[in-house]
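Only a predicted model underlies this, so the values are computations on that prediction, with no experimental measurement involved. We count ligands from 1, going down the list as the structure has it; atoms in each ligand are counted the same way. Note: hydrogens, waters and symmetry copies are ignored here, and every other heavy atom, side chains too, is used.
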Amino acid sequence: MTTLLVKNAHVLVTMDGARREISGGGLFARDGLIEQVGPSETLPASADQVIDLAGHVVLPGLVNCHHHLDQTLTRNLPVAQNINLFRWLKAHYRLWAARTPEASRTSTLVGLAELALSGCTTAFDHAYVFRNGCKVDDQIAAAREIGVRFMVSRGSMSLGQSRGGLPPDDCVENEDDILADSERVIGAYHDAKPGSMLQIALAPCSPFSVSAELMRESATIARRHGVRLHTHLAETIDEERYTLERFGKRPVDYMDELGWLGDDVWFAHAIHINPHEIGCFAGAGVGVCHCPSSNMRLASGIAPVKAYRAAGVKVGIGVDGSASNDGNHMLGEVRQALLLARLKMSLRPPEGPDTTLSTSDPSRDGEWMTAREALELATLGGAAVLGRSDIGSLEPGKCADFFAVRLDHVGYAGGLADPVAATLFCAPQAAAWTVVGGRPVVANGEIVTIDLPAVVAEHNRHAARIAALAE
Ligand code: ZN
């Protein structure tokens, strides 16, 4: 048995039912699970490992609900900097299909390292391009190596251009192979137990890259095994046009027809959604992953996050693929959610005559996304979206997943009247400590589980080979 004592935090944010923030707080964990949380003087005096976090704010580990770690290999490519989703995807499909298992391993390590350095302790990866010998197994091995709690999809694309899909035919897979490998990956890896470090989801990529049949079959397999379902939905007006033309339905109605509105489903983006559809999500228990940077980067739109919250829809936050964000900074993404919700407040609905609304009316005070609400989305919200009751807050019985930020950064100077809100209102800083299941992944500001400089060097060699293919 291994014990961990964290003590003397300037403030420890619990996200418990009372939303306690404990001055001088700490926690005591055994074998990766929290046994006690409270003022440091109330905790055991010693443990196998003791971390003194005086001068730090301690928060529950952030939960990243949507990502494509392999895209770290194709960040910031000049050919894809100034185009919207469909054109951006077409610029990338063959590049992603050209990655090797080794490239996939290093991109997973790089992406998860950057996430851990920004406070993320649980990451979901929506892997869906499996060509060139790449398998989910490559990413799982990498996640185990670095020690971040991991959920990964056996995702898929099956609908090539010749059948009316967006991806080239040589980037998609045979549907029988996809379904067989989905069964294999679930059987080999999915761990549903509390404290699980590894879970599997099934995630056909989008309405415009898989068939209706594959959507239905994936749902059948997922429900047989009790794993979750995920896809991209209502990300762009182009997608809405596609489903209207091809199926005569809006994206949400199409999902309903396929049996994809349920409490075991979460959608990435869900931007172009009307009030009736928000009610459908709330009624069915569907979750949403909000990806603000990617949505701005690709000019996709702004998800109605406050309306989702008001309706009772589960909402988490994701950095999305590294090539549509070009970063994996989870704390920075939470800040983007805070800011973008405020921009959304100022915009009239599309049918309105003007482009802006006054935000001065006190009756609109409830529309402001607060720092604590944004942090809640990224912790409790993300846990709910991924169907986990064992993460998202610092309470007895939960996983010892947390991160700590030093308050003596120059970026926080003058902003310490509210240190918790400073983590978002001030420029996002790196985590000094990120601990997953009681085990430090980041200590004193450094990744301690892998040789990060060597991994970055190898990753950049793989990325250069792939970038050359784009030219
Ligand atoms: Zn995505």
Subject >> His232 atom NE2 and His68 atom NE2 as seen from the Zn ion (ligand 1), angle to 10 degrees >> reply: 90°

**OP:** Carefully, step by step, assess Ser104 and Asp70 under the rule side chain to side chain donor-acceptor pair (under 3.5 Å).
**Re:** CA-CA 6 Å; Ser104 181; Asp70 282 327; 3.0 Å; yes

Subject >> Polar side-chain atom of Trp88 near backbone of Ala323 as donor-acceptor pair, under 3.5 Å >> reply: yes

**OP:** Examine His66 and say whether one of its N/O/S atoms is closer to the Zn ion (ligand 1) than 2.8 Å.
**Re:** yes

Original post:
Any idea how Phe124 and Trp266 line up, ring-wise: parallel (<30°), tilted (30 to 60°), or perpendicular (>60°)?
Top reply: perpendicular

Subject >> Nearest to the Zn ion (ligand 1) - the N/O/S atom of Asp320, by atom name >> reply: OD1

**OP:** Evaluate the side-chain contact (heavy atoms from CB on, under 4.5 Å) criterion for residues Met151 and Arg388: first the C-alpha distance (whole Å), next the side-chain angles of each, then the deciding distance (0.1 Å), finally the verdict.
**Re:** CA-CA 11 Å; Met151 185 173 186; Arg388 307 265 320 223; 5.9 Å; no

